[in-house]
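Quick note on labels: first sequence line is chain A, next is B, and so on, each numbered from 1.
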Protein chains: 2
Amino acid sequence: MGQKTKSAGRPRRSNVRGENTRARLIDAALESFSTRSFHGTGTRDIAEAAGMSQAAMYVHYPTKEDLLYQISYDGHLEIEGVVLDAVARGSSPKEQLAEVMYDFTVWHARSHTRARVINYELGGLTPEHREEIATFRRRLEATMRRILVAGVEEGGFLVPDPSMTALALLSLGIDVSRWYRDNGRWTPEDIGERYRYLALRIALGLPQK
Amino acid sequence: MGQKTKSAGRPRRSNVRGENTRARLIDAALESFSTRSFHGTGTRDIAEAAGMSQAAMYVHYPTKEDLLYQISYDGHLEIEGVVLDAVARGSSPKEQLAEVMYDFTVWHARSHTRARVINYELGGLTPEHREEIATFRRRLEATMRRILVAGVEEGGFLVPDPSMTALALLSLGIDVSRWYRDNGRWTPEDIGERYRYLALRIALGLPQK
DNA sequence: CTCGTTAATAAGCACGCGCTCACATTATCT
DNA sequence: AGATAATGTGAGCGCGTGCTTATTAACGAG
């Protein structure tokens, strides 16, 4: 009672008709949030870049913040999928760490636009939405931590503080989205390979082939 | 000719009279930029937090962007000092890497407010100012790279790609400012020690004492 | 004491902001 | 075909934005 009806609840998924329009809005918002930041982007900019009137945007998203929320939600869902797939492919902690680190890093380089928004623009979310995204991130940290703990228990890993080390490994991948530039000297795959190597050195402490 | 006189040139350092006032403005801007982002902060917010009228701010800084520039400039100068001091304290690449990584990380945790602004709000700078800050950052990367290259040449380090590894090591420290929270479970020194250890494992590949 | 400089203010200007409204058009369903 | 809901628009509202202006007070040097 007395609750605002606006901007609450799950990401919307109404009929098919406006699907394409919504995708264009998301793309436009993504691009602008990434380069000019959430607060630096106007709703007019977004609508114009998506090729429609400003009011049309409000047909699909009730607030500008909802665009950011949708982007953040979808992005975190996607990363979670990437990471869980990578974990599933590995049959030992060492393999899992290698797979996760590679995919996580490659994703952050390849999708650096999206990654920048979902990592650095969370301050634009409402407290409720921010908290919802935070649980995604806690799950991610727990997944990484679990791999390290398993590796330690099986005897291969030497990791004195799995909690902080998990944070550090994720840090490496996340921060790629900050410094990565298209047309730089490395491809996302180059970086993924190097970072996988770094992760294994951190966990195993021995030079890897 | 035709150049805008405003917002150009080095950080200002006029007479002593307003020194304290300027410091208050910088502190207020720092706090607000850090939590609400550059574009999310109003000049009225800054002035009020600094305990003066909005117009008084313009006596000391010609634009809001100049506040950000001053913060960024001073911050990068400070980090550069921290890093160069650490390098000077080490008498071998291994010692230098250890010292730099510790101090760099501790600084980013301890000064996470400043660090967040100077790492994540650079998009608010004018292109000229942004470029000026970029040279600070290139120098920093070069310093780290030089340590790694020296360590490889002296035979102790196993680092296949010093450029990317230098970036990764700096990444680790920088990203601490993103996730660090006061009253968290670790002190800045805890994180510094752990990260020094990570750096040595990355460079040397062997478990360190 | 005078004069130029620095510091501070209250008021306000032009404009851009997020968002709404009344209304038109279009697609879908019965 | 006609009803219904979804999709789109132009105009505009109230307000907050960065910044300026006119003015006054305090200060330091000659």
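Contact check, A:T43 against C:dC17: no side-chain N or O comes under 4.0 Å of OP1 or OP2. Between B:H39 and C:dC17 there is no side-chain polar atom (N or O) within less than 4.0 angstrom of OP1 or OP2.
Below 30°, between 30° and 60°, or above 60°: for B:H112 and B:Y180 the angle between ring planes is between 30° and 60°, a tilted geometry.
If you measure from atom CG of A:D66 to atom C1' of C:dC19, you get 13 Å, rounded to the nearest angstrom. Between the OH atom of B:Y58 and the P atom of C:dC13 there is a distance of 17 Å, given to the nearest Å. The interatomic distance linking B:H60 (NE2) with C:dT5 (P) rounds to 17 Å, in whole Å. In this structure, CG of A:L25 is placed 12 Å from C1' of D:dG8, rounded to the nearest angstrom.
For the side chain to side chain donor-acceptor pair (under 3.5 Å) test with B:H76, the passing option among B:R137, B:R139, B:E132 is B:R137; the others fail.
The pair B:E95-B:R89 fails the salt-bridge criterion, with no side-chain N (NZ, NE, NH1 or NH2) lying under 4.0 Å from an Asp/Glu carboxylate O.
Considering only side-chain atoms of B:R22, the nucleotide from C:dA7, D:dC19, C:dA10 that sits closest is C:dA7.
Side-chain contact between B:Y73 and B:H129 is absent, with no heavy-atom pair separated by less than 4.5 Å.
Each of B:Q54 and B:R24 lies near DNA chain C, and the nucleotide nearest B:R24 is the one positioned closer to the 5' end.
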